Structure formats: C-alpha cells, structure tokens
Amino acid sequence: MLKISFITSLNLISESKWVFSQTFLTRQFSFLIPCLLKSCIFSQSLHLSHHLPSIHAQTVVSGLQSELFFNNLLINGYSKSGLLHEARQLFDQMPQRNIISWSSMISMYTQHGQAEEGLSLFSTFARSFSFSNSSNEFMLASVLSACLQSPTVIDCALQVHCLAIKTGYSSDVFVGTALVNFYSKTGFMEKAMSIFNELPVKNSVTWTAIMTGFSRIGSHDLSIRMFSQMRVTGVMPDGFVLSSLISSCAAVEFIRGGRQVHGFLYRSGIEMDVSVNNVLIDLYCKCCRVGTARKVFDRIIAKNLVSWTTMVAGYMQNSYELEAISLFSEMNSQGLRPDAFACTSVLGSCGSLVALEQGKQVHGYAIKANLGSDEYVNNALIDMYAKCDSLSDARVVFDVMEGHNVVSYNAMIEGYATLEDVVEAFALFRRMRSLLICPTLLTFVSLIGVSASLSRVNISKQLHCLIIKFGVLLELYIGCALIDVYSKCSFVDDARIVFDGLEDHDLVVWNAMLFGYSQNGEGEEALKLFKRFCALRMTPNAFTFVAVVTMASYFASLFHGLQFHAQIIKAGVDYDSHVLNALIDMYAKCGCIQDARALFCITNKTDIVCWNSMISSCAQHGHAEEALKLFNVLLTRKMVPTYVTFVGVLSACCHVGLVVEGLCHFYSMKCEFGIEPGIEHYASVVNLLGHAGRLVEAKEFIEEMPIRPTATVWRSLLSACRTYGDVELGRHAARMALLLDPHNSGSQVLISNMFASKGMWEEMEKAREGISHSGGVKEPGYSWIEVEKEVHVFIAKGRVHQEAERIYSMLDCLTLMLKVYACGPQIPQVLVSSWQF
DNA sequence: ATAGGGTTAG
C-alpha cells in the first residue's frame, strides 16, 4: 500500500528518490511497472520521460518483455516522449502485437508529423490482417488523423470511410467525429455536415470539429450559430468548443459575443487553461481592446509560447510598436525561444517604427533559431528592410529565399514603388506573372502608385484593364489609387468614372476625388462634389479642407476661401500645418497678402512647408525683398530649406532681376544643401538670365543641363528672345520647344509674334500656318472676377457680358494711359493680346 | 477524436 501511494505521487518525487526506488523494482514488485509507466505517460514531462529506458530495462530484467500489455504501455510512453526510434524498435521486437499496438504506432507517427510512416504501417497491417475482423474504432480514428497530414489524404480517407461503413463503425462517436474532422479540415464542409447530422450521438469534440470547420472556411457566423444549436441539445460545452467559439467571435470582431463567452467560462467553472486564455487575448486584441488583452495575459500563470506570441501580434496589429518590441525582448530574457510566428509579428512592428537596428537583431536571431527558411519570416524581413530604406537588404532576402508567394512579390514591389523605381517594380511584376503567381489588390495598389508618381497614364490604363481582367474587386483601396493616378495624369473625368463606380465611399476616397478636381483646376466640379459631400453629412478632415481650399485658390475665390476657413476653425483643424499652408496660399492667390502674412505669423514656424508657401506668395506679389528676407530668417533659425523653398527664392529673384543673387542661390542648392535642382529651378534660371538679356548664357545654360529640358524651358528663352528681338536664337528656341511638345501652340504663337514685331510678315505667315498644320488650337485666354458672390467670366474679344460697353470704354481709357506711361518700345502682339480689341 | 498565434495597404 505504501509503495502504491508512493508511485501514484511519482510526479512529485525528486531525482534522488527515484534512483533509490529503482532498487525495489525486482520481480516481486513487477505489478508496479504499469503504474510507473502510466505516471510517465500522463505526466508528459521530460524529466520523467528519460526514465523510460530504465523502466524498459527493468521489464526485460523482470522477464516481462513478452507481455503485450506492458509493451503497449511502453510504446505509448516512448511516443508521448517523442522517442520514436525506441518505440519502433520495441514494436519490431515484440513477439505479439494486437490492434492497440498497431494503432498506437500509427497515432505516434501522426502526432510527430510522420503521417506517411503511419500510413505505410497501416497498409502493412491491412495486408496481413483481415480488417473487418480485427479493426476497431480506435484504429480507424488513428488512420483518419494520419490521412489529414499526408498528401495522399483523399484516397486513403475515402477507403477508411468505406471500411467504417462496412464494419458498421461509421455511426460510432469516435469514428464519426474523426470523419467529421477529416472532411471539415479538407474543406468538404457539406460532406462533414451530412455525417455530422447522421451521427446518433455527438459529444463536445464532434461539435468542436464541425464548428472549427466552419470558421476555417470563414463562415464564422455559421460557427457561432452552431453553438446555439449545441446548447439546445444539452451537450455541455468544454474548453475546446468555447475556444473555437471565441476565435470565431474574434474573427468577425464580435466583441459582445466574445465577452458573453468569457463570462460564461467564468461562471461555469470550466477550467481556464492556457489555450482558452490565449484565444481570449486574441479576441480582445482583434477587437482593439489591447488593455483588456494584456490583463488576461498577465493573469495566466503558466504562459506558453502561444500566449506571448498572441500578445506580441496583438500589439503589432494595433500599432503598439514599442510594446511589441519590448515584449519580444522580454520573451528572450525569460529564456523562451520565440518561433516564426513571434518573429513575423515583431518584424512588422520594427518596419512600422523604421527600427532598422532591432529589425536586424531579429533577423540574426531568426537565422540562429533556424527560422531562416520560413516564408512568413522572410516576407516580414523583406517588408521590414524595405520600410527601413534598406531595399538592397530586402532584395538579398528576396533573392536568397525559396518559394516566393504573392506577399513576397508585393512587399518587394512596394519597396521599389516607394523609391519610384518603375523599372524594377515592373520587372518583378512581369516575373511573377510569368511564374503564374496571381497578383492581388496590393500588387496593383503599389504599381498604380508608381505610375501615379511618375504620371504614366498609359501604364495606369493597362493596370486598370488587368485589375478588371483578374477580377480584383474594385474596392476602396484600389479605387482610391486609380482616382489618384487618373487625376495626376489630368484624366479627371476617368477618375470620376472610377469614383462613381465604387459602391462605398469613405472619407479617403472623397478626399482623393476632391484633390483630383483641385489639382486639375476643376473648381466648379469640386465645389459641386463638396456640396454633395456636405449633404451626406460626412465629416470633413484636414485633407478634405486642404483639397477645397486649394480649389478656392485656383478660383481665386475669396468668398469660398473665407467660408472654408470658417468651417476649418469650427472643425478644429486650423492648426494643422497642411491646412494652414493651404490657407496661406489661398489668401495670397486671392490677393490678400496681409491675411496670408497674418496666418503665417500664428503658425509655430517650425514647418518648412509654411515658410515655402509664404516665400512663394511674397514672390508672386512682387515682394521679392521680403521673400529673400524670409529665406534668410529661415536659415538663421537653422531650418533646412527644401526643393520647394528654392522654387520660391529663385522666382523672387526673377521678379526683381537679381541675377547674381539668383545664380548664387541656385548653385548653393546643391553644394550647401545637397538638393538636386529640378526642372522648375532650371527654368527659373533660364528666365532669370533671359529677363536680364543674357540670352547666349541662357542658351548655354540649357544645353549644359544634366536633365532633359522641357518645352517650357525653351519657350522661356524664346519669350526672352522676343523681348530682346534676337530672331536667330528665337528661331532655334522655338524649334527645340516644338520638337519636345509639337502640339503646344504657345511656341508658335510666340515665334510668330516675334516675327511680327520685326516686320517679318512672310515668316510670321509660315509660323501661323504651322499652327493649323500641327493641329494646335490656340486656347482662348479667359479670366474672371468675383463681385458679390457672382463670378464674371471674360474671354478675349468677348462681347457677352451685359456691361460690355462700359468695360470696353474703360479698357480704351486704360490702353491710352498705358501708351502715355509706357517706357519700353511698342511691341505689336498680333495673336494674343488682351489689350487690342 | 478536438483548439489557439504570423507578413504586404489608398
């Protein structure tokens, strides 16, 4: 008696006592061996499993090695301890085997991921024995679960199913449940459901199998409904059923349901083991209750790897990057070995935080932990490096890894898209298509993004076709990208078609469309759309206001601008730097430079964008000295000027003809501030030199430009040539401008005006013919002013306005005054002239 | 015989 109680408390005995106790295990105590074995098996603890060989040896010494019962227990013990080889050796040496020996072996292989081995053992068994006589439900269930892991699943399982029917075991709870589980795991939910419905007796495992089947195919609602059915039948739910239920609630973010289950668990006294708690963490994280999730996490006494990983993933998904990283490092310091799941999540957080150093450390750890071949880890690494501006490292991971999937390609393409590397992005896209990897929504979002930033409308149209061809749903993300690209490429009507084709419109899509109209100067449409937006009682945000205020700037409509400003103050976004910036720009464009200045004064003057706006506004209003002064103040405040700053500065220099100062600023851009000048800057310098009459210098400057000059640059020189009457250079400039932009009539108008001013009528006639030959149509110039909420539009030579008579008489008066005060030579302007009606 | 955690985004 004493010894039996000693053995049943084996879990508690220490190593030394165990060694001592072995001496008692002689033949007369052989009845103790099964008890010992059971203790070892059920304790599942490693420090006991290494006693198995000695117990095994004891059975041999005790002459019990031929006892079937002992050997089956030993197989079970070895199998639970992962000592597969030892189990197999024993199995092969056993003088007798029964169906339990075979089943145990098959289950063992299945549990350790060697289902093939298990199935081959089963076929040996089936060949040597007549199945119908000697099989039992345990065997069938083991084989079914082996089938679930093997690639030959379907065939084998169907055979087992037939056998089960033949032997009458198919209505057994165990076999039936295994069948339900099999079909639901392999996606044959209808089959699983029909077996499920026919089962006379169901237990909680059966319900778990069917419920998890439904959640696996995404029918979480169905799974939740199954639970209510189960309650009606009176089967008591266990931890497994409730786990499954909670994960369904988590998947559909059904927080109320999840909370109810949590409460039920609490009240019913069902043991809240780690697994249940883990699903609860997941539930609260998915429903954005990170704090509650953390409380559940903290209360778990025996946290396992999944608990930690779920919490790290939860932090990551809710953008708690710092918490995710610190919990991950805590895992390490507690001696846990984070697996591929944990690494994937924490890498996501490193990427969002642009924490390259931490990301690299995780990479190092992943390699050491032998996780370097996990596809999720590799994809997360690509993403992390791409987000941390280390695209070359991302590419190395991409090139080295095996088995790329869509996510790998998407992450890599997005990396190139951010760098506007259209060539590499599309090279990868072609490669994935040639490998028949189906692109997803995100692939297209990235690719449209590149084509938008480079204004490549042809590429965008092709992508749009592909989106339709691949059946990628035209949902918000992609719709927004398309609206963006079409607007940027001036195809604003196409953008509108996309906008109208979307079923739902969220704020971001509205903003994109409003921006599209603003960018293209379609003030009227933008206004109409904004009215609809307001009628739908949508709440605008800072982006919306930036779009509409920009629209008011295009209109130069102070009336609208003031209204928007009032709404901005009401919405409380009046200190947003983008909004302020748009407002400064609006007031300046509406002629209210004082208001612009006043707004600039209330900004905290830390945002360079506002400085840029103010400098440009001053330049536009001819306050060049103020613009340059602002620029100097900016430098003394140790702020770093940007690309746009110099556009303003150079234009200010242009306005007042500060050639030397302008050139100085231009050269300092690259030398002092490391900003590569763009086409706007080059154009400004050409303008600067041209206005000053330094035409040859301007021409040489254009020819030495490292980037390809645009037609605008040549037209700027042409205009200067006209002013200074340099026909030869003008002709050259016009030729270059037309070469680059044959459809723009502006160049031809300029050159023909120049010929006219020189009295070169024949040449002028030729130039005018050129206009009609090239299909160039001179767009009528028009302008408008706003008087008491009414917009008056004026077109050159127009006579439509009701007060046309008075306007023209005033104009004549002004023209006369100009002639009197004009200091320069009279330049006849034949084609475009708003003065000579 | 049953369960739980992961990557890309306008």
Side-chain angles (χ1 to χ4, degrees), chain A residues 107 110 137-138 140-142 144-145 148 172-182 184-185 203-213 215-216 238-247 250 273-283 285-286 304-314 316-317 338-349 351 371 374-384 386-387 405-415 417 440-446 448-449 452 475-485 506-509 511-512 543:
Chain A
S107 303
T110 308
E137 68 277 4
F138 185 35
L140 285 176
S142 316
L144 273 173
S145 63
L148 276 174
D172 173 87
V173 204
F174 276 60
V175 178
T177 303
L179 282 168
V180 169
N181 186 39
F182 171 79
S184 86
K185 265 197 182 153
N203 60 19
S204 62
V205 182
T206 330
W207 285 96
T208 311
I210 198 80
M211 281 169 62
T212 49
S215 37
R216 199 172 290 120
D238 59 5
F240 285 108
V241 180
L242 297 178
S243 290
S244 167
L245 186 61
I246 296 169
S247 33
D273 75 337
V274 211
S275 326
V276 181
N277 279 312
N278 292 346
V279 219
L280 280 171
I281 298 175
D282 193 41
L283 167 84
C285 287
K286 292 247 161 70
N304 63 14
L305 196 60
V306 179
S307 327
W308 287 84
T309 311
T310 312
M311 199 62 233
V312 173
M316 186 273 291
Q317 285 153 355
D339 61 1
F341 285 80
C343 292
T344 309
S345 296
V346 82
L347 282 170
S349 291
L371 306 170
D374 185 279
E375 58 170 337
Y376 275 91
V377 172
N378 280 314
N379 291 344
L381 279 168
I382 294 172
D383 179 55
M384 183 274 293
K387 286 217 181 92
N405 60 17
V406 220
V407 182
S408 334
Y409 277 96
N410 286 355
M412 206 62 227
I413 288 176
E414 172 60 20
T440 64
L441 186 138
L442 293 187
T443 326
F444 290 115
V445 169
S446 304
I448 293 175
E475 53 123 305
L476 292 176
Y477 268 97
I478 207 96
C480 208
L482 283 170
I483 291 171
D484 192 41
V485 76
D506 69 356
L507 188 57
V508 188
V509 175
N511 289 348
F543 285 94

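Keep in mind that this is a model prediction, so the values were computed, not measured. Reminder, nothing fancy here: chain letters follow the sequence lines and each chain counts from 1.
- Counting any heavy atom pair closer than 4.0 Å across all strands shown, Val445(A) reaches sugar-phosphate atoms only and no base atom.
- For Lys387(A), taking side-chain heavy atoms from C-beta onward, the closest of the listed nucleotides dA9(B), dT7(B), dG10(B) is dA9(B).
- Among the atoms of the strands shown, none is found under 4.0 Å from any heavy atom of Ser244(A).
- With Asp238(A) contributing its side chain and Val241(A) its backbone, the two residues share a donor-acceptor pair below 3.5 Å.
- Nearest to the side chain of Glu414(A), among dG10(B), dG4(B), dG6(B), sits dG10(B).
- Minimum interatomic distance between Thr309(A) and Ala342(A) (heavy atoms only, all atoms of both residues): CG2-N, 3.4 Å.
- Side chain Ser345(A) to base dG6(B): no donor-acceptor pair is found below 3.5 Å.
- Closest contact between the side chain of Asn181(A) and the listed nucleotides dA3(B), dG5(B), dT8(B) involves dA3(B).
- For the pair Asp273(A) (side chain) and Val276(A) (backbone), a donor-acceptor distance under 3.5 Å is present.
- In this model, a donor atom of one side chain and an acceptor atom of the other lie less than 3.5 Å apart for Asn304(A) and Ser307(A).
- At a threshold of 4.0 angstrom between heavy atoms, the contacts of Asp484(A) with the nucleic acid are absent.
- An OP1 or OP2 oxygen of dG4(B) is reached within less than 4.0 angstrom by no side-chain nitrogen or oxygen of Lys286(A).
- The side chain of Asp506(A) has dG10(B) as its nearest neighbour among dG10(B), dG5(B), dT8(B).
- At a cut-off of 3.5 angstrom, the base of dG6(B) holds no donor-acceptor pair with the side chain of Asn379(A).
- Closest non-hydrogen pair, Val312(A) versus Ser345(A), comes out as CG1-CB, 4.0 Å.
- Across all strands shown, Asn304(A) has heavy atoms under 4.0 Å from base atoms, whether or not it also approaches the sugar-phosphate.
- Note on Met384(A): nothing from the nucleic acid sits closer than 4.0 angstrom, heavy atoms only.
- When each of dG10(B), dA3(B), dT7(B) is scored by its nearest atom to the side-chain atoms of Thr208(A), the top-ranked nucleotide is dA3(B).
- Between Tyr477(A) and dG10(B), no base-stacking contact is recorded for ring centres under 5.5 Å apart and planes less than 30° from parallel.
- Stacking is not found between Phe240(A) and the pyrimidine-like six-membered ring of the dA3(B) base under the 5.5 Å centre-distance and 30° plane-angle cut-offs.
- Proximity note for Ser107(A) (side chain, C-beta onward) versus dG5(B), dT2(B), dA1(B): the nearest is dA1(B).
- Counting non-hydrogen atoms under 4.0 angstrom, Val509(A) reaches a base of the nucleic acid.
- Asp273(A) contributes no side-chain N or O that forms a donor-acceptor pair with the base of dG4(B) under 3.5 Å.
- Taking each heavy atom of Lys286(A) and Ala250(A) in turn, the nearest pair found is CB-O, 3.7 Å.
- Computed from coordinates, the Ile483(A) CD1 to dG10(B) P distance equals 15 Å when rounded to whole Å.
- For Asn277(A) and dG4(B), a side-chain-to-base donor-acceptor distance below 3.5 Å is absent, hydrogens and geometry of angles not being considered.
- Not a single donor-acceptor contact under 3.5 angstrom links the side-chain atoms of Ser243(A) to the base of dA3(B).
- Considering only side-chain N and O atoms, Lys185(A) lies under 4.0 angstrom from the phosphate OP1 or OP2 of dA3(B).
- Side-chain atoms of Ser247(A) come within 3.5 Å of backbone N or O of Ser243(A) as a donor-acceptor pair.
- Nucleic acid contact for Ala209(A): none, since no nucleic acid atom lies under 4.0 Å from a heavy atom of the residue.
- Nearest to the side-chain atoms of Val377(A) among the listed nucleotides dG10(B), dG5(B), dG6(B) stands dG6(B).
- In this structure, Ala340(A) reaches the bases: a heavy-atom distance under 4.0 Å links it to at least one base atom across the strands shown.
- Closest approach to the Thr212(A) side chain among dA3(B), dA9(B), dA1(B) is made by dA3(B) (side chain taken as heavy atoms from C-beta onward).
- Considering only side-chain atoms of Ala313(A), the nucleotide from dG6(B), dT8(B), dA3(B) that sits closest is dG6(B).
- Phosphate proximity of dG5(B) to Gln317(A): absent, as no side-chain N or O sits under 4.0 Å from OP1 or OP2.
- Below the 3.5 angstrom threshold, one finds a donor paired with an acceptor across the side chain of Thr309(A) and the base of dG5(B).
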